[in-house]
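Notes follow once the structure below has been shown.
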Amino acid sequence: MASPQPTAQSTLDNLEARWGERWEHDGTYRFDRTHDRGEIYSVDTPPPTVSGSLHVGHVFSYTHTDTIARFQRMRGRAVFYPMGWDDNGLPTERRVENYFGVRCDPSVAYQEGFVSPAKPAAKRQDYIAISRRNFIELCERLTETDEKVFEQVWRLLGLSVDWSLTYSTVSARSQRVSQRAFLRNLARGEAYSSEAPCLWDITFQTAVAQAELEDRDRPGAYHDLRFAGTGGHGDVVGDVIIATTRPELVVSCVALVAHPDDERYQSLFGSSVRTPVFGVEVPVLAHHRAEPDKGTGIAMVCTFGDLADVMWWRELELDTRAVIGKTGRLDAETPSWLTTEPAQAAYARLAGKTIFAAQREMVELLRDSGDLLGEPRPITHAVKFYEKGDRPLEIVTTRQWYIRNGGRSPELRAELIARGKELDWHPDHMRHRYENWVEGLNGDWLVSRQRFFGVPIPLWYRLDGEGCPDYEHPIVPDEAALPIDPQSHVPPGYTAQQRDQPGGFTGEPDIMDTWATSSLTPQIACGWEDDPDLFARTFPMDLRPQGHDIIRTWLFSTVVRSHYEYGSLPWQHVALSGWILDPDRKKMAKSRGNVVVPTEMLEQYGADAVRYWAASARPGIDTAFDPSQMKIGRRLAVKVLNACKFAFGLPPARADAAVTEAIDRAMLAQLATLIDDATRAFDNYDYARALQATEEFFWRFCDDYLELVKVRAYQDGPDSGSARAALRIAVSVLLRLFAPFLPYVTEEAWSWAQTDDGPLLGFTAGSIHRASWPDGAELRSVALLDGDPSVLFIAADVLRQIRKAKSDAKRSVRAEATSVTVIDSGPRIAAVQAVLADLRSAGNVRQLTTVELTNGGEATVDVQLPETESVAP
RNA sequence: GGGCGCAUAGCUCAGCGGUAGAGCGCUCGCCUUACAAGCGAGAGGUCGCAGGUUCGACACCUGCUGCGCCCACCA
């Protein structure tokens with residue numbers, strides 16, 4: 001065994017910088033693409049959104065993935081572990097706007113060499129309007145610097161990614177993949193465009209998808225409104241009272257709907273009533289989705305107040321009377337269906353107003369007309385919001401692009417649920433969220449966004465003689481020409497002069513939703529079409545790590561795209577990480593202001609310590625941010641260095657030294673079991689259990705085994721070789737078991753060995769992270785372990801009794817015991833006999849005797865300490 | 001309304017048919033030739049509640065309670 005190097009250190013100082021540089025230089029984590037698919041382990045790393053800074057939650061979940069990647073690498077797999085940057089989409093746009101004080105206005109001309117203001121304007125409305133091209137240039141500039149910062153954090157944390165594989169979702173290659181996949185969806189009829197009501201965010205001026213919605217409780221009020229009967233269907237027809245939270249939408253009312261079995265409204269079905277204030281005649285209809293318990297049991301259907309309205313509008317084939325536009329204001333022009341002078345006058349008071357203002361005005365109108373019964377009754381109700389927005393969504397009819405996802409097809413839905421069942425979920429119960437989501441889909445996936453920074457939808461439309469686009473037959477680019485921007489590229493067979501001219505063409509203005517591109521990360525990372533050889537070796541991938549909050553978005557959409565393109569899953573395993581909660585158990589989020597900056601944490605505790613904290617959390621479990629766990633991790637890391645310093649400081653073992661002593665063999669037998677446990681846990685993606693088992697063994701190893709054999713290993717006796725050989729094996733194995741969690745200290749200690757013992761038991765040259773994962777069966781076979789593991793437990797028990805006696809007497813642990821008598825059953829006495837010398841030296845016992853119990857009796861350890869001399873009070 | 005998860009020591013969490021575990025915190029000790037940023041010892045729990053299965057239940061089953069999350073067309 002080598003003597004300790006002069007550089008051997010027992011602190012964590014500077015390990016990250018030193019080894020980080022070395023790993024980069026040696027290409028320790030470089031992917032070797034010469035392997036076949038079966039020898040490769042490929043990871044579909046989540047590309048973090050590059051719009052600000054990483055936070056503790058990132059550090060947490062990416063560590064989980066890294067432990068698995070490191071385990072697989074040590075198991076001999078060629079690990080394909082890329083990093084991606086999600087620098088495409090709304091978060092980036094927002095950050096660029098605020099960072100530079102600009103906003104994108106497609107009507108503004110491009111400005112060569114645009115320089116942003118030194119300091120952004122204080123108010124959003126004062127931001128400088130710039131062209132789309134200028135805006136995108138700023139997006140690219142900012143994401144580039146953000147990505148450098150992110151990479152530094154990941155390197156410091158010790159992620160074993162191959163940085164040569166890095167991709168970004170807005171790169172030309174990603175755009176090509178995204179557009180190609182979309183065009184193939186289109187060609188197969190999986191993508192289509194449609195003019196239809198969709199959820200619209202009036203702040204961001206874009207349509208949003210079902211997966212991006214969230215409910216928020218908002219105050220509202222029921223307004224009881226009277227609809228006047230029109231008569232003409234018999235004298236029983238009278239007034240109808242409806243309750244609504246959206247009185248401003250009375251002008252958009254197209255029907256009243258009640259349940260077919262609701263006795264209160266039976267006589268009204270088939271008749272019509274007049275809307276208050278406007279006097280528009282609307283039918284009273286029956287539909288089974290109306291709920292007698294809600295409001296007055298009869299609903300005002302408007303185009304469109306909520307998704308229920310859309311459903312009734314579609315199923316009952318109602319008129320369309322929309323007045324709310326994309327800006328969230330009521331149309332300035334008087335709607336055509338208001339034919340009477342009083343109705344037009346009333347609308348004039350609403351025209352052009354925001355929804356909020358229009359509601360106040362409308363309530364006044366209703367009050368004046370006497371159609372508002374009583375006062376509005378305040379309630380709290382759930383309202384749909386875009387998850388990134390802060391104003392309620394409206395429903396606006398627009399032309400949008402969709403990808404079929406089963407929302408309108410039970411057959412497709414069943415196929416996608418079946419895909420979910422094929423997938424190995426870690427933890428398993430997370431599969432319910434997937435099934436829940438797919439079963440609850442109520443429409444196809446809306447992928448077009450009316451934004452600027454993203455992947456353009458690669459289509460043009462022919463314009464007829466009047467300049468109207470032919471949306472049914474888009475002009476499709478050749479795949480070889482991708483990526484294209486229909487706003488600047490000209491379709492084949494046209495000239496630039498024909499853009500937006502009658503008889504010419506127009507480019508699709510929309511971009512794709514960010515999920516439409518990130519749903520293709522396996523294709524992007526694995527080089528779909530661009531590098532068929534790489535693709536064949538890495539796809540379908542092995543692992544998708546991600547947060548459980550994006551099952552409905554990222555996970556599901558990736559499954560959809562792969563299902564279409566390959567008829568298979570994109571990966572076999574998905575590992576879900578939980579969230580980091582602050583100490584109050586709230587989700588840590590930038591908006592809450594409770595975010596801890598990862599770099600500070602890494603500097604304060606060290607990367608290994610932070611990784612220890614992260615890896616202690618069971619897969620999928622939300623975990624409180626807890627610096628005390630990092631302190632424990634730091635302690636563990638220091639302890640590993642110190643234990644190794646001790647082991648390497650011993651005189652070298654002879655090359656042929658055999659493990660002969662019972663206690664040494666017992667320790668190795670336990671070690672073999674530990675290897676089995678840790679390996680099984682890792683194979684099941686339970687890194688936390690592997691860490692816990694290893695850590696538990698390690699502390700016992702230090703406290704008991706090391707103490708027991710220390711003296712024997714130091715001295716040059718006939719049985720010293722056994723202890724030294726066993727220690728060497730144990731240190732080598734433990735370092736490797738810890739390596740996925742504590743890459744820095746294990747690498748440091750591994751470097752002290754300086755020799756190459758061969759792959760099985762000892763140390764191998766080069767990085768520990770390229771060493772082979774230990775194998776319990778091999779350890780047993782090579783070390784010929786017929787050892788009885790209980791010998792170590794029994795010896796540790798007796799040692800504990802000796803320590804307790806000294807502790808009770810307030811003596812030092814090293815204080816001499818004049819005599820110790822172990823009284824116990826036969827087998828245990830035999831074990832004690834086998835380790836007598838070690839027990840005597842570890843306990844500093846002058847005379848150790850054993851007494852075998854017969855006929856029951858109590859097992860005890862009797863410890864005699866010398867009389868104390870004068871003890872000062 | 002539907003689904004999922006959780007409930008074990010003061011705190012954070014393991015365990016899971018066979019006499020309740022770890023770390024932190026707390027108490028009392030100890031300079032011990034790897035480690036005082038360390039080491040040793042100790043106190044502390046009717047394992048949410050109620051039934052059931054079993055020779056035996058913290059663990060398995062049923063119901064309940066509380067907390068959290070996911071989903072839902074929320075007039």
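In the text below, chain A, chain B and the rest are named by the order of the sequence lines, each starting its count at 1.
- In this structure, Thr245(A) reaches the sugar-phosphate backbone alone: every heavy-atom distance under 4.0 Å involves primed, P, OP1 or OP2 atoms, never a base.
- The same atom, P, is picked in rC67(B) and in rU53(B); the two are 32 Å apart, to the nearest Å.
- Across all strands shown, Asp309(A) has no heavy atoms under 4.0 Å from either base or sugar-phosphate atoms.
- Distances shown here put every side-chain N or O of Lys810(A) at or beyond 4.0 Å from the OP1 or OP2 atom of rG40(B).
- Nucleotides rG52(B) and rA57(B) have their C1' atoms positioned 11 Å apart, rounded to a whole Å.
- The shortest distance between the side-chain N/O atoms of Arg689(A) and the OP1/OP2 oxygens of rG15(B) is below 4.0 Å.
- Contacts of Glu707(A) with the nucleic acid, taken as non-hydrogen atoms under 4.0 Å apart, include base atoms.
- Of the N and O atoms on the side chains of Arg700(A) and Gln670(A), at least one donor lies less than 3.5 Å from an acceptor on the other residue.
- Nucleic acid contact for Lys631(A): none, since no nucleic acid atom lies under 4.0 Å from a heavy atom of the residue.
- The side chain of Asn436(A) sits closest to rC70(B) out of rC30(B), rA14(B), rC70(B).
- If you measure from atom CG of Leu636(A) to atom P of rA37(B), you get 18 Å, rounded to the nearest angstrom.
- Lys710(A) comes within 4.0 angstrom of a base, heavy atoms only.
- Put simply, CD1 on Ile355(A) and CD on Glu394(A) are 3.5 Å apart, with the number rounded to the nearest 0.5 Å.
- Among the protein residues, Lys804(A) comes within range of the sugar-phosphate backbone only, with heavy atoms under 4.0 Å from sugar or phosphate atoms but none that close to a base.
- Among the protein residues, Gln801(A) comes within range of no part of the nucleic acid, since none of its heavy atoms lies under 4.0 Å from any strand.
- Residue contacts shown for Trp699(A) are limited to sugar-phosphate atoms, with no base heavy atom under 4.0 Å away.
- The separation of rG10(B) from rC26(B), taken at their C1' atoms, amounts to 9 Å, rounded to a whole angstrom.
- Look at the C1' atom in both rG45(B) and rU8(B): the space between them is 8 Å, to the nearest Å.
- As judged by a 4.0 angstrom heavy-atom cut-off over every strand, Ala308(A) is placed among residues touching the sugar-phosphate backbone only.
- The residue from Tyr605(A), Phe60(A), Phe741(A) that alone fulfils the ring-ring contact (aromatic ring centres under 6.0 Å, His included) condition with Trp613(A) is Phe60(A).
- Expressed to the nearest 0.5 Å, how far CZ of Arg811(A) lies from CG of Asn844(A) amounts to 12.0 Å.
- Taking atom CZ of Arg552(A) as the reference point, atom P of rC69(B) lies 14 Å away to the nearest angstrom.
- Asp703(A) comes within 4.0 angstrom of the backbone, heavy atoms only, and of no base.
- When distances run from any side-chain atom of Arg618(A) to the nucleotides rC35(B), rG15(B), rG23(B), the shortest one goes to rG15(B).
- Checked against the 6.0 Å centroid criterion, the rings of Phe648(A) and Phe763(A) qualify as a close aromatic pair.
- At a threshold of 4.0 angstrom between heavy atoms, the contacts of Ile632(A) are confined to the sugar-phosphate backbone, with no base atom among them.
- Note on Glu439(A): nothing from the nucleic acid sits closer than 4.0 angstrom, heavy atoms only.
- Remark: the separation of the P atoms in rU12(B) and rU32(B) is 38 Å, to the nearest Å.
- rG15(B) and rC60(B) are spaced 12 Å apart, taking the P atom of each and rounding to whole Å.
- Within the nucleic acid shown, Arg246(A) has no heavy atom closer than 4.0 Å to any nucleic acid atom.
- Here the separation of rG44(B) from rG21(B), taken at their C1' atoms, is 13 Å to the nearest Å.
- Atom pair Asp215(A):CG and rC69(B):P shows a separation of 14 Å (rounding to whole Å applied).
- Among the atoms of the strands shown, none is found under 4.0 Å from any heavy atom of Ala617(A).
- A cation-pi arrangement is present between Arg635(A) and Trp699(A) under the rule of less than 6.0 angstrom and at most 45 degrees off the ring axis.
- Judged by distance alone, the side chains of Asp862(A) and Thr860(A) never bring a donor and an acceptor atom under 3.5 Å apart.
- Here, rC39(B) and rC31(B) have their C1' atoms 10 Å apart, quoted to the whole Å.
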